[in-house]
Amino acid sequence: MTRHPPPYLPQPSLPPSYERGATASVLVATTAEVLAHPELDEGMLAPWEQRRLAHIRVPGRRDDVVAARLLLRLCAARVIGRPLREIYPAQRCPGCGRDGHGRPYLPGHPGLGVSFSHADGLAAAAVGPGAVGIDVEPLERRPGPLTVLRRLLPEAEVDAAGAEPEPGPALLRLWVRREALFKAGREDARLTGWTDHRRAAVVALASGAPR
């Protein structure tokens, strides 16, 4: 019996203006969806990624990390047109200059930005031209107290979100957008935020690609 990929991964969970882009790929899925996908398996991960996984003691968190890294490969394969097992993402820390941690990138493709995110049974990944950052959080999650958020985020934005009729969701949207900008490394990146109700997720994408 032939197994076909489930319908949820081939179609990006993103507004239509991005779905048809030939040079970008953005995917959001539950961890369970990714791990059940017949084209994806943990054996695709590089030895350095496997070594990092060995230090994660919570099984659920380990699964989330695996799912996000596999989803990143699927996005990259679609953008650069190579088989999944020929995709080798890497990471480099801009602070210490060492590989194996820090900002992800695709060796040999300096014009492409890549990003991935995972949180409590959710995974998201994005690959596209220019700087890219993506963040995903469960819809029911609420960021910390305002006093803490004011230390981590622009105070005026936190106060504005906290003053909305439903401050919890507003603060969560602010959080994921700020995280996406941080991952993209550009405050002027174009932001797109949306709610994936099917997966009970809030997602934000920051893109520095030319308009």
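Sequential numbering from 1 along the given sequence is applied to the chain's residues. Since the structure is predicted, the reported quantities are computational estimates derived from the model, not experimental observations.
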How close do Ala201 and Val136 get, heavy atom to heavy atom, and via which atoms?
CB-CG2, 3.9 Å

Could Arg150 and Glu157 be called an ion pair, given the rule that one side-chain N must be under 4.0 Å from one carboxylate O?
no

Atom pair CD/CG of Glu33 and Leu40 - distance to nearest 0.5 Å
11.5 Å

Rounded to the nearest 0.5 Å, how far apart are CG of Leu84 and CZ of Arg78?
8.5 Å

Give a yes or no on this: more than 12 heavy atoms of other residues, nucleotides or ligands lie within 6.0 Å of atom CD of Glu166.
no

Could you tell me whether Arg198 and Asp196 make a salt bridge, using a distance below 4.0 angstrom between a side-chain N and a carboxylate O?
no

Would Leu139 and Val28 show up in the same hydrophobic cluster when neighbours are defined by side-chain heavy atoms closer than 4.5 Å?
no

Mind checking the CG-OG1 spacing from Asp64 to Thr30? Nearest 0.5 Å is all I need.
9.5 Å

Looking at Arg177 and Asp135, does any basic side-chain N land under 4.0 Å from a carboxylate oxygen?
no

Answer whether the closest heavy-atom distance between the side chains of Trp175 and Leu152 falls below 4.5 Å.
yes

For the side-chain contact (heavy atoms from CB on, under 4.5 Å) test, which of Ile87, Val34, Val127, Leu27 pairs with Leu74?
Leu27

Under the salt bridge (Lys or Arg N to Asp or Glu O under 4.0 Å) test against Arg173, which residue among Glu137, Glu179, Glu164 passes?
Glu164

Path from Phe116 to Val79 over hydrophobic side-chain contacts below 4.5 Å
yes

Would Tyr88 and Ile80 show up in the same hydrophobic cluster when neighbours are defined by side-chain heavy atoms closer than 4.5 Å?
no

As an exercise, state the distance from OG of Ser25 to CG of Leu72, rounded to the nearest 0.5 Å.
9.5 Å

Residue pair Thr31, Asp63: steps toward the side chain to side chain donor-acceptor pair (under 3.5 Å) verdict:
CA-CA 7 Å; Thr31 294; Asp63 287 347; over 6 Å; no

Mind checking the CG-NZ spacing from Leu205 to Lys183? Nearest 0.5 Å is all I need.
11.0 Å

Basic-acidic side-chain contact under 4.0 Å: Arg69, Glu42:
no

Arg73 bridged to Glu49 by N-O distance under 4.0 Å
yes

With rounding to the nearest 0.5 Å, note down the distance linking CG in Leu149 to CG in Leu174.
7.5 Å

Given the rule that I, L, V, M, F, W and Y join up when any side-chain heavy atoms are under 4.5 Å apart, are Val158 and Val148 in one cluster?
yes

Is there a side-chain contact between Glu39 and Arg85, using heavy atoms and a 4.5 Å cut-off?
no

Shared hydrophobic cluster, Leu35 / Ile56 (ILVMFWY, side-chain heavy atoms < 4.5 Å)
yes

